[in-house]
Amino acid sequence: MRLLMTASQIRGLPVVTVGGGEDVAEVRDVIYSPEAGRLVGVTLNKRGFLAGRHRDVLPAEAIHAVGQDAVMVLDESSLVDPQDAPDDVGRPATERNVIGDDVLTEGGTSLGKVADLVLLVGSTGEVVGYQIDKAGDGRGYIPLPAQLSVSGVALVVPNITEEFVQDDLVGLGAAVDEFRARMGLT
Amino acid sequence: MSESFRGSSGRKVMSRASADELGSVGHLLVDAQQRRVAAVVIGSGKKGQLVDWAQLSGFGPDAVMVVDEDALRPPADDRERAATEGSLDLVGKRALSERGNELGQIDDVTFDADTGALEDLLIGDRRVPAGSLLGSGSYAAVLDESQEPSP
């Protein structure tokens with residue numbers, strides 16, 4: 001059983017220092033690498049009444065944990081100028097966004113379109129699945145293999161993914177480990 | 001002897017040297033890394049003052065004794081200013097695990113009145129050993145992941 005959350009649930013969460021207990025920023029958006037299957041970082045807003053874009057970004061390496069109520073960092077130095085961040089965080093390529101992409105199995109069945117990312121709660125930003133809009137059939141959740149082909153319009157997943165389509169996050173949390181075992185992943 | 005933050009709030013603060021009453025305990029400022037009481041905050045807002053723990057001659061059941069009234073000092077930095085404004089008070093503070101999950105609100109804190117060492121944090125019906133405290137600030141007190149509820 002894994003505790004999961006969607007990327008849209010992360011937006012607006014405070015970024016809190018472990019050592020200081022201060023909310024130094026809040027999450028504006030996530031920066032995702034489909035190839036890596038994980039967040040590479042998050043962009044930030046300022047906290048409080050002076051809300052607005054925060055100049056700094058938070059690279060994934062500096063994330064201590066993504067929780068349900070806060071994104072934890074060790075201290076304020078975890079927030080860095082985009083110039084000093086790795087290129088995929090400081091200057092992310094916008095065409096890498098998978099939202100809206102068609103999810104196709106290797107056998108050619110469309111499972112739906114990507115609606116959101118699903119992350120492992122307590123991790124440093126590991127993406128373990130996608131929320132999908134099933135054609136004319138509401139929302140569903142699919143687990144992700146470690147590697148998959150992504151083009152910017154579609155992504156290709158193994159055939160067995162179709163057996164693992166879940167109705168909710170709890171179902172996906174229970175299915176992730178079995179899916180990974182079936183895929184031969186640890 | 002064990003004391004609590006709530007129980008000591010409002011206790012009078014006396015000068016050992018002059019026997020004058022200097023004020024009353026507003027709240028206690030902690031050093032989360034050392035897990036101990038760092039200072040007693042007397043009054044609040046612009047008039048708020050601090051007494052370092054080392055300047056106490058006793059944290060007694062009826063009065064907190066300060067060596068003399070020169071030990072009262074204004075806040076020295078931003079953190080101490082935040083303390084006199086009350087925003088660092090551990091009582092009433094949100095508790096977060098280092099994994100980013102809320103654990104509840106800190107209702108009270110117990111400490112050793114002889115040494116100032118923190119003992120337990122009371123969160124709802126749980127007693128969390130102060131050794132789990134990693135950091136504390138205006139937004140939250142952060143506890144280590146051993147305090148995370150198991151899924």
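What you see below is based on every heavy atom in this structure, not just the backbone, and it leaves out hydrogens, waters and symmetry mates. Every chain is numbered from 1, with letters handed out A, B, ... down the list of sequences. Computed from a predicted structure; not experimentally measured.
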Novice: Quick check against the 3.5 Å criterion: does A/D69 have a side-chain atom that pairs as donor or acceptor with the backbone of B/E102?
Specialist: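 At least one qualifying donor-acceptor pair exists.
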Novice: Grab the two heavy atoms, one from A/D23 and one from B/S138, that are nearest each other, plus how far apart they are.
Specialist: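 Smallest heavy-atom distance, with atoms named: OD1-OG, 4.4 Å.
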Novice: Mind checking whether B/L56 and B/V67 sit in one hydrophobic cluster, side chains of I, L, V, M, F, W, Y counted as touching below 4.5 Å?
Specialist: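 Cluster IDs for B/L56 and B/V67 differ.
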Novice: Is there a side-chain contact between A/M72 and B/L96 in this structure, where contact means two heavy atoms from C-beta onward sitting under 4.5 Å apart?
Specialist: yes
Novice: Counting only non-hydrogen atoms closer than 4.5 Å, does A/V66 touch chain B with its backbone (N, CA, C, O), its side chain (CB onward), both, or neither?
Specialist: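 Backbone only.
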Novice: So, B/N101 side chain and A/Q68 main chain: donor-acceptor pair closer than 3.5 Å or not?
Specialist: yes
Novice: Among B/L134, B/L143, B/L88, which residue has the highest count of heavy-atom pairs closer than 4.5 Å to chain A?
Specialist: B/L134
Novice: Does A/V24 share a hydrophobic cluster with A/V71, counting links as ILVMFWY side-chain heavy atoms below 4.5 Å and allowing steps through other members?
Specialist: yes
Novice: Side-chain heavy atoms under 4.5 angstrom apart, residues restricted to Ile, Leu, Val, Met, Phe, Trp, Tyr: same cluster for B/F59 and B/I42?
Specialist: yes
Novice: Is it true that atom CD of A/Q83 has more than 12 heavy atoms of other residues, nucleotides or ligands lying nearer than 6.0 Å?
Specialist: no
Novice: Could you see if A/Y130 belongs to whatever hydrophobic cluster contains A/V165? Use Ile, Leu, Val, Met, Phe, Trp, Tyr and a side-chain cutoff under 4.5 Å.
Specialist: yes
Novice: Using non-hydrogen atoms and a 4.5 Å limit, figure out which bit of B/Q33 sits close to chain A: side chain, backbone, both or neither.
Specialist: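 Side chain only.
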Novice: If you count heavy-atom pairs under 4.5 Å between each of A/G173, A/G20, A/G21 and chain B, which one has the most?
Specialist: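 The residue among A/G173, A/G20, A/G21 with the greatest pair count is A/G21.
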Novice: Which atom names give the shortest non-hydrogen contact between B/E98 and A/A65, and what distance separates them?
Specialist: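 Between these two residues, the closest heavy atoms are O-CB, 3.6 Å.
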Novice: Would a hydrophobic clustering, with Ile, Leu, Val, Met, Phe, Trp and Tyr connected at side-chain separations under 4.5 Å, put A/V176 with A/L39?
Specialist: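 No.
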Novice: Looking at every non-hydrogen atom in both residues, tell me the closest pair between B/V142 and A/V16 and how far apart they are.
Specialist: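 Scanning both residues, the minimum pair turns out to be CG2-CG1, 4.4 Å.
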Novice: Tell me whether B/R99 contacts the main-chain N or O of A/S123 through its side chain, where contact means a donor paired with an acceptor under 3.5 Å.
Specialist: no
Novice: Where on A/R47 is there a heavy atom nearer than 4.5 Å to chain B: the side chain, the backbone, both, or neither?
Specialist: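 Looking at A/R47, just its side chain touches chain B.
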